[in-house]
Amino acid sequence: MGRYKVVITATVRKYLDKLSDKIAAPLLTALQSLSENPRPHGYKKLKGRSGFRIRKGDYRIIYEIEDDNLIVDVIAIGNRRDVYE
């Protein structure tokens, strides 16, 4: 299996830029790891909408996987209490 390309939207990029380095660093590490394994331990299929999510502390990374094109499309990153809205 090849490496997946992780695609991050401009909205997600801006959100990451606003976070402190202490919070953003583990999220960026998690994003990089999705290129190796888009279905890591603890990932969940979302209910009521397409996509998957992984947890990093109080934050959630929501993404879709295109297996045909080897793409992980990151839709949203946010605090667990407001990322699902």
Side-chain angles (χ1 to χ4, degrees):
M1 182 161 75
R3 285 178 58 101
Y4 284 71
K5 180 179 182 194
V6 178
V7 179
I8 300 172
T9 64
T11 308
V12 170
R13 197 174 304 276
K14 282 181 192 168
Y15 185 82
L16 284 169
D17 287 343
K18 290 179 187 172
L19 296 174
S20 71
D21 290 347
K22 183 180 174 188
I23 294 171
L27 294 172
L28 291 169
T29 303
L31 288 173
Q32 289 172 340
S33 71
L34 288 176
S35 69
E36 294 291 331
N37 179 12
R39 294 172 180 88
H41 178 72
Y43 89 103
K44 285 227 166 50
K45 173 93 180 76
L46 295 177
K47 294 178 181 159
R49 66 190 265 194
S50 64
F52 302 90
R53 71 113 169 105
I54 55 174
R55 299 187 325 189
K56 253 315 171 205
D58 285 340
Y59 287 82
R60 303 296 181 264
I61 298 172
I62 297 178
Y63 61 98
E64 292 179 342
I65 303 170
E66 292 180 37
D67 285 316
D68 298 344
N69 301 321
L70 295 181
I71 292 176
V72 173
D73 195 10
V74 179
I75 301 166
I77 293 181
N79 191 288
R80 63 191 170 97
R81 65 178 179 260
D82 47 36
V83 74
Y84 298 108
E85 293 173 352

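Predicted model, so just to flag it, every value in this text is computed and none were measured.
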Check your understanding: Is the shortest heavy-atom distance from the side chain of R60 to the side chain of L46 under 4.5 Å?
Key -> no
Practice item. Would you give the length of the straight line joining atom OH of Y43 to atom CZ of R53, rounded to the nearest 0.5 angstrom? Key: 11.5 Å
Check your understanding: Rounded to the nearest 0.5 Å, what separation is found between the NZ atom of K14 and the OG1 atom of T9?
Key -> 9.5 Å
Review point. Atom CZ in R13, atom OG1 in T11: separation rounded to 0.5 Å?
Key: 10.5 Å
Exercise for review: Looking only at non-hydrogen atoms, find the nearest pair between E64 and S50 and report the distance.
Suggested key: OE2-OG, 2.6 Å
Point to revise | R39 atom CZ: more than 12 heavy-atom contacts under 6.0 Å | key: yes
Check your understanding: More than 12 heavy atoms of other residues, nucleotides or ligands under 6.0 Å from CG of D17: is that the case?
Key -> yes
Check your understanding: For the atom pair CD1 (I65) and CG (L34), what is the distance rounded to the nearest 0.5 Å?
Key -> 8.0 Å
Practice item. Decide yes or no on side-chain hydrogen bond (donor to acceptor under 3.5 Å, both in side chains) for N37 and Y4, but give the supporting numbers first. Key: CA-CA 8 Å; N37 179 12; Y4 284 71; over 6 Å; no
Review point. When you measure from the side chain of Y63 to the backbone N and O of I54, does any donor-acceptor pair fall under 3.5 Å?
Key: no
Review point. Can you tell if the side chain of K56 reaches within under 4.5 Å of the side chain of L31, non-hydrogen atoms only?
Key: no
Review point. Hey, does Y15 have a side-chain heavy atom less than 4.5 Å from the side chain of L19?
Key: yes
Check your understanding: Around K45, counting heavy atoms of other residues, nucleotides and ligands shown, do more than 12 lie under 6.0 Å from its NZ?
Key -> yes
Point to revise | Approximate separation, where rounding is to 0.5 Å, of I75 CD1 and I61 CD1 | key: 12.0 Å
Point to revise | Connected via hydrophobic side-chain network under 4.5 Å: V74 and L70 | key: yes
